[in-house]
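Just so you know, ligand 1 is whichever comes first in the structure, and atom 1 is the first atom listed for that ligand. These numbers come from a predicted model, not from an experiment.
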Amino acid sequence: MDCVFCKIIEGNLPSQKFYEDDECIVIKDINPAANKHYLLIPKQHYKFLADMSDGQAQVLGRCLKKLKELIPILGLENGYRLVVNQGEDALQTVPHLHIHILAGQKMGWTPA
Ligand code: AMP
Ligand code: ZN
């Protein structure tokens with residue numbers, strides 16, 4: 001499949017990986033939008049939260065629960081912001097569900 005995150009998950013594209021288990025990976029974003037910018041990516045390919053099966057929703061819940069142990073690994077002790085871009089208006093560029101983890105600075109709040 002021509003998906004950049006699937007390629008990373010399959011080991012066919014390099015990435016800076018901070019965490020991996022059977023269900024998700026956490027990598028550094030190649031084009032950071034904050035001092036610290038990671039991507040939490042469930043391994044199964046689907047584009048939208050609205051497409052999630054019950055099983056995928058449970059996986060995503062478990063992935064989010066991992067954040068507690070990732071706090072010291074990613075340096076998130078001072079707080080962090082999670083962002084999920086969905087579709088055209090949100091400028092989703094990779095059609096594989098991922099959660100941006102932004103940290104390392106005081107975050108502004110602008111829609112664009
Ligand atoms: P989105 O716009 O929400 O789809 O975000 C996609 C994110 O993936 C962007 O922040 C990109 O910088 C990031 N990205 C794209 N390709 C790579 C890659 N090969 N390694 C790490 N991050 C990537
Ligand atoms: Zn994919």
K.L.:
Give the total of protein N/O/S atoms at a distance below 2.8 Å from the Zn ion (ligand 2).
P.N.:
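Every protein N, O or S atom under 2.8 Å from the Zn ion (ligand 2) counted, the figure is 4.
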
K.L.:
Quick one: do Val59 and Val84 end up in the same hydrophobic cluster if we chain Ile, Leu, Val, Met, Phe, Trp and Tyr together by side-chain heavy atoms under 4.5 Å apart?
P.N.:
no

K.L.:
Between Leu40 and Tyr38, is there shared hydrophobic-cluster membership here, with clusters defined by ILVMFWY side-chain heavy atoms closer than 4.5 Å?
P.N.:
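In one cluster: yes.
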
K.L.:
According to a hydrophobic-cluster definition based on side-chain heavy atoms being under 4.5 Å apart (Ile, Leu, Val, Met, Phe, Trp, Tyr only), do Leu102 and Val94 belong together?
P.N.:
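No, because Leu102 and Val94 fall into different hydrophobic clusters, even though each may have its own neighbours under 4.5 Å.
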
K.L.:
Can you work out which protein residues put a heavy atom within less than 4.0 Å of ligand 1?
P.N.:
Val4, Phe5, Ile8, Ile27, Lys28, Asp29, Ile30, Asn31, Leu39, Asn85, Leu91, Gln92, Thr93, Val94, His98, His100

K.L.:
Indicate yes or no: at least one non-hydrogen side-chain atom of His100 is less than 4.5 angstrom from one of His37.
P.N.:
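Of all side-chain heavy-atom pairs linking His37 with His100, at least one is under 4.5 Å.
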
K.L.:
Once ring-ring contact (aromatic ring centres under 6.0 Å, His included) is applied, what residue pairs with a partner in residues 50-81 remain, sequence neighbours excluded?
P.N.:
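Passing the test, one end in residues 50-81: no pairs.
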
K.L.:
Going by heavy atoms in the side chains, are His96 and Ile9 under 4.5 Å from each other?
P.N.:
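Yes, side chains in contact.
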
K.L.:
Scan the side chains in residues 19-26 for donor-acceptor partners under 3.5 Å anywhere in the protein, sequence neighbours excluded, and list what turns up.
P.N.:
residue, atom, partner, partner atom, Å
Tyr19, OH, Asp21, OD2, 2.7
Glu20, OE1, Lys17, NZ, 3.1
Glu20, OE2, Lys43, NZ, 2.8
Asp21, OD1, Glu23, N, 2.7
Asp21, OD1, Cys24, N, 2.9
Glu23, OE1, Arg62, NE, 2.9
Glu23, OE2, Arg62, NE, 3.4
Glu23, OE2, Arg62, NH2, 2.7

K.L.:
Side-chain contact, heavy-atom cut-off 4.5 Å: Ile99 with Leu60?
P.N.:
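They are in side-chain contact.
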
K.L.:
For Ile101, which of Leu67, Leu39, Val83 qualifies under side chain to side chain contact (heavy atoms under 4.5 Å, CB included)?
P.N.:
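In the set Leu67, Leu39, Val83, the residue that makes a side chain to side chain contact (heavy atoms under 4.5 Å, CB included) with Ile101 is Leu67.
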
